Amino acid sequence: MRHLFLFALLLLLGCRDRAPSRSDEAAIPASGERATAVSAAPTPEAVTADEPPGDAGRGRELVAQYECRRCHEGTGLAAEPLTRHCVSCHTKVMAGGFDERPKAAEWKQHVAHLSVVPSLHAAGRRFDRGWLVRYLLEPHDLRPALTQAMPRLPLSREQARDIATYLASLGPDERAAQPEASGEGNPERGRAVMDAMQCGSCHRMTGVKPLAAATPLGPEAPTTYQRSAEEKRPAVILAPDLKYTRERMRRERLVAWLLDPAAMKTDTLMPKPGLTPEQAQDVAAYLLGAALEPAPSPAVPAPLPNLDRRVPYEEVAKAVLDVTCRHCHGNPDEAIGDGGPGNTGGFGFRKRGINFTSYEHAQGGYLDDAGKRHSLFEPMPDGTPRLVAALWARHREVAGKPDPTVRGMPLGLPPLPPEQIQLVATWVAQGRPR
Amino acid sequence: MTTHSRSSTPALVFALAAALGLTMTAPRAEACGGGWWPEVQAIDYRVQGIASAEKDLAEGRHLAAAGKVIRMIPHIRAYSKASSDLIVNRSLRVLAVASARSGGDLSKLADELPSDLKESFAGMSDEARTENLRWSVKALKALRKSKKDDVTLKTELAEAMAALPETKAKARKTLEKLARKDLITTPEAYRALGRLRAEAGNTDGEAHALERCRTMARDAAICDGQAAAPGES
């Protein structure tokens, strides 16, 4: 029975990769529209806004409600058992713990990205609270070698504040004495120190000349599974893109971190670099002040026209629903009552009753906030069926244009390629043939 | 008598020794409170069985689906309400829908039915077939009680109710409501709605429902009442 549950959980959990948000069905590009480039850069106001303090007690309750501990360590709450812990289960898959299962090799391709997840130990003490709030509301890719999988949770700003305040209250470490930030530091010297330390062996810093590295990191591969052995090292996977440092950390905390990372975060994989206080000031000056080349704006691809041939359900299920959607929109009857966050609820999401495990269930619609059921294929104001609109919404979220009215799908994963959306759109347009 | 006792004693000893030997040589064992117990790994083959029956049902092989359920859980008709065992519930659903789509006629499975059910469950007579349809409705209603927001179950219940004179009106009301919201989940239910509309003299509505049925169905022939799937004849 235990194995059955694990199997069911695997079906529910292991999809593919990446991050969440919402999007505008009215703004979903119509067929034939040209690709639109939109900026994904966070607005300076949002980054620097001073957030009023939240309620740590409520924050703790929210961390439990949103089930952060199913993926993250360091939440201040007891860890979930294996059957409910995404990372432990995925790690077991990757370590061959389910190799006797016929689909183990396939699972490995889908769950590799979630076998390493940053711990939240001391997150609230390291990071700027305003940034934490903003990241919780609109998570985005921070780590080049980690496939982003942080879902965009249904959080209000107040709730995000409460969580950030709770995280800040966790385990103050007496060793993390923060030195006086004396002087401004010299960014040129800082860059020289970083090259001498070969920070580029783990980190990228987008927008500046590549950092020197012992083993240069290769071009970014689309999925963690396809990355080189070097880039599968946890330290590399978890190394953030240093261009975000200026948004995430304040100067004095950054200097303290550079001097002794483990004093601030006991489980960090960042080695102690052995810097002098002056060198730490210089490196901080570079990280916080180096001029960054503007990043290329992510584009929302243009939709493809519907196919001329018949597209049956089986083809859509095989290409999209079975491999991407049913992990969260499962059948509770096949998983001891847990239909996944997109069906029976979870990760703070209310029950939506969406089930993609069979043809019949895929026709069954979704529950709105009032508990009323609607079709997944009802047209949005621009005529796009809701299901298709949600798939395009995900593209817009990744491009930094989330929409409050439609949550992009797949949640927390990369957008589907236009060819897959085309398949779904054609199937819907043809009347959803079995 | 004496001779018999003498010959049975060594046999008994041998049997005991063999049983002990089998226990001692079990390939895997776990210690428990200082004693040794053979490790038994229970495999619930019903998981594969119900998955296969559901596939048969989805692909139109109603009798095959019903047969698999009956072979797996011969006493299934004894369940009068949803079980805490989800596989039993899935089996109830498959059998109820398969029976309804077969018009209550499971006579081809008669040889596989328990003897006490053979008369009624096989659907040999009109009365027995009607009784089977009533059982389908009852079973689906029982399942609906535990899953009120399952629209697939709602559709299938309405489809089964459409086959009984006493529940046709309610079936039509339910199916019309679902159709308005584009929530009818099967082509078979559109077929049932088409027939109900035809009986009410709504020919345009019938045509529309049957058109939806033909669009959704893998084999449009099922919408015209030719429901036999490959291997079902």
Side-chain angles (χ1 to χ4, degrees), chain A residues 1-5 7-8 11 100 102 310-315 317 330-339 343-345 350-368 370-379 385-387 427-434, chain B residues 41-48 50-51 54-55 57-60 82-94 97 143 146-156 159 177-190 208 211-220 222-223:
Chain A
M1 203 59 172
R2 185 165 49 98
H3 289 170
L4 172 65
F5 180 67
F7 174 70
L11 285 178
E100 78 280 9
R310 179 180 158 91
V311 176
Y313 171 77
E314 198 174 341
E315 187 178 352
N331 186 347
D333 288 350
E334 294 171 4
I336 317 184
D338 186 354
N343 187 348
T344 46
R350 57 171 295 142
K351 176 180 180 174
R352 290 292 179 198
I354 302 172
N355 183 337
F356 284 123
T357 59
S358 72
Y359 176 83
E360 291 82 1
H361 286 115
Q363 314 301 316
Y366 71 97
L367 296 168
D368 67 12
K372 294 206 164 143
R373 203 165 267 279
H374 303 272
S375 171
L376 285 167
F377 313 107
E378 63 189 5
R386 176 171 279 274
L387 175 63
W427 175 65
V428 175
Q430 290 177 353
R432 291 121 53 194
R434 188 180 241 159
Chain B
Q41 183 128 22
I43 298 174
D44 190 346
Y45 288 104
R46 299 178 310 162
V47 175
Q48 290 99 317
I50 186 57
E54 285 171 338
K55 189 167 189 288
L57 182 69
E59 293 178 359
S83 166
S84 57
D85 182 339
L86 297 175
I87 290 181
V88 168
N89 292 346
R90 289 166 67 187
S91 303
L92 272 172
R93 181 220 153 220
V94 168
V97 175
L143 293 174
S146 62
K147 298 170 81 176
K148 289 196 189 306
D149 62 12
D150 187 328
V151 76
T152 300
L153 215 45
K154 189 175 184 177
T155 302
E156 289 167 345
E159 182 195 337
K177 197 172 167 187
L178 289 171
R180 274 196 297 278
K181 298 184 84 175
D182 191 15
L183 285 174
I184 287 188
T185 60
T186 63
E188 289 85 352
Y190 268 114
H208 185 259
E211 185 53 39
R212 277 300 292 139
C213 176
R214 290 186 195 102
T215 302
M216 290 172 86
R218 185 181 282 120
D219 177 5
I222 69 158
C223 306

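Worth saying up front: this structure is predicted, and the values here are computed from it rather than measured. Each chain gets a letter, A, B and so on, in the order its sequence line appears, and its residues count up from 1.
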- Counting distance only, does the side-chain N/O of B:Lys181 pair as donor-acceptor with the main-chain N or O of A:Ser375 below 3.5 Å? no
- Query: Side chain, backbone, both or neither: which part of A:Gln430 has a heavy atom under 4.5 Å from chain B?
  - Reply: backbone
- Query: Which atoms of B:Arg212 come close to chain A, meaning under 4.5 Å heavy atom to heavy atom: side chain ones, backbone ones, both, or neither?
  - Reply: side chain
- Rounded distance [0.5 Å steps], CZ in A:Arg373 versus NZ in B:Lys154: 9.5 Å
- Taking 4.0 angstrom as the limit, do A:Lys372 and B:Asp149 come out as a salt bridge? no
- At a heavy-atom separation under 4.5 Å, does B:Ile50 approach chain A through its side chain, its backbone, both, or neither? neither
- Item | Over all atoms of both residues, closest heavy-atom pair of B:Met216 and A:Gly431 | CG-O, 3.9 Å
- Message: Any carboxylate oxygen within less than 4.0 angstrom of a Lys/Arg side-chain nitrogen, looking at B:Glu188 and A:Arg434?
- Response: yes
- With chain A, the option among B:Ala189, B:Ala217, B:Ala58 that has the most non-hydrogen atom pairs under 4.5 Å is B:Ala58
- Query: Would you call A:Arg432 and B:Thr215 a side-chain contact if the rule is heavy atoms closer than 4.5 Å?
  - Reply: no
- Message: Less than 4.0 angstrom from a charged side-chain N to a carboxylate O is my criterion; do B:Lys147 and A:Asp333 meet it?
- Response: yes
- Query: Of the backbone (N, CA, C, O) and the side chain (C-beta and beyond), which part of A:Leu367 lies under 4.5 Å from a heavy atom of chain B, both, or neither?
  - Reply: side chain
- side-chain contact (heavy atoms from CB on, under 4.5 Å) evaluation trace for A:Gln363 with B:Val151: CA-CA 9 Å; A:Gln363 314 301 316; B:Val151 76; over 6 Å; no
- Query: Out of curiosity, B:Glu54 CD to A:Thr357 OG1, how far, rounded to the nearest 0.5 Å?
  - Reply: 8.5 Å
- One should read off an interatomic distance between A:Tyr359 OH and B:Thr152 OG1, to the nearest 0.5 angstrom, of 11.0 Å
- Check: B:Arg218 side chain, A:Pro312 main-chain N or O, donor-acceptor pair, under 3.5 Å: no
- Message: For the CD atom on B:Gln48, are there more than 12 heavy atoms of other groups (residues, nucleotides or ligands in this structure) within a distance under 6.0 Å?
- Response: yes
